[in-house]
Amino acid sequence: MADPPLSTIAFDLEKVGRSLAEAVVARLSGREPRLTPASLAPHVIHRAST
């Protein structure tokens, strides 16, 4: 809708959801979750505004 199209960030929602669900299961099982910043990291979508 913007002109020029704006750059943005996006997340791999399937990967984030899986990582968070695994963290919940780990906590409920008395284990420490293995969340890493990389499992929740966004990526940049470059558009005409850059």
Side-chain angles (χ1 to χ4, degrees):
M1 296 182 72
D3 188 27
L6 302 176
S7 294
T8 190
I9 61 169
F11 294 87
D12 181 341
L13 293 179
E14 183 177 338
K15 184 176 181 181
V16 170
R18 186 180 313 110
S19 295
L20 294 176
E22 289 172 358
V24 169
V25 169
R27 282 285 186 196
L28 292 173
S29 300
R31 293 179 283 119
E32 191 68 28
R34 296 182 320 203
L35 280 178
T36 62
S39 66
L40 306 176
H43 61 276
V44 177
I45 299 173
H46 295 280
R47 296 194 176 131
S49 63
T50 55

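Keep in mind that what you see is a predicted model, and the values were worked out from it rather than measured.
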Query raised in the report: What pairs meet the salt bridge (Lys or Arg N to Asp or Glu O under 4.0 Å) rule with one or both residues in residues 5-19, with sequence neighbours excluded?
Result: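 Applying salt bridge (Lys or Arg N to Asp or Glu O under 4.0 Å) to every pair that reaches into residues 5-19, excluding sequence neighbours, yields Glu14-Arg18.
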Run the side-chain contact (heavy atoms from CB on, under 4.5 Å) test against [X] and tell me which residues pass, sequence neighbours left out.
X	answer
Pro4	Ala48, Ser49
Ala10	His43, Ile45
Arg34	none
Glu32	Arg27

Requested in this report: Share the residues that join Ile9 in a hydrophobic cluster, the rule being Ile, Leu, Val, Met, Phe, Trp or Tyr side chains under 4.5 Å apart at the heavy-atom level.
Outcome: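 ILVMFWY cluster around Ile9 also holds Phe11, Leu13, Val16, Leu20, Leu35, Leu40, Val44.
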Query raised in the report: What closest approach, in Å, do Ala26 and Pro33 show between heavy atoms, and which atom pair accounts for it?
Result: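 Minimum heavy-atom separation between Ala26 and Pro33: CB-CA, 3.9 Å.
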**Report entry** Contact summary for Arg47 and Thr8, nearest pair of heavy atoms
**Finding:**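 Between these two residues, the closest heavy atoms are NH1-CG2, 3.6 Å.
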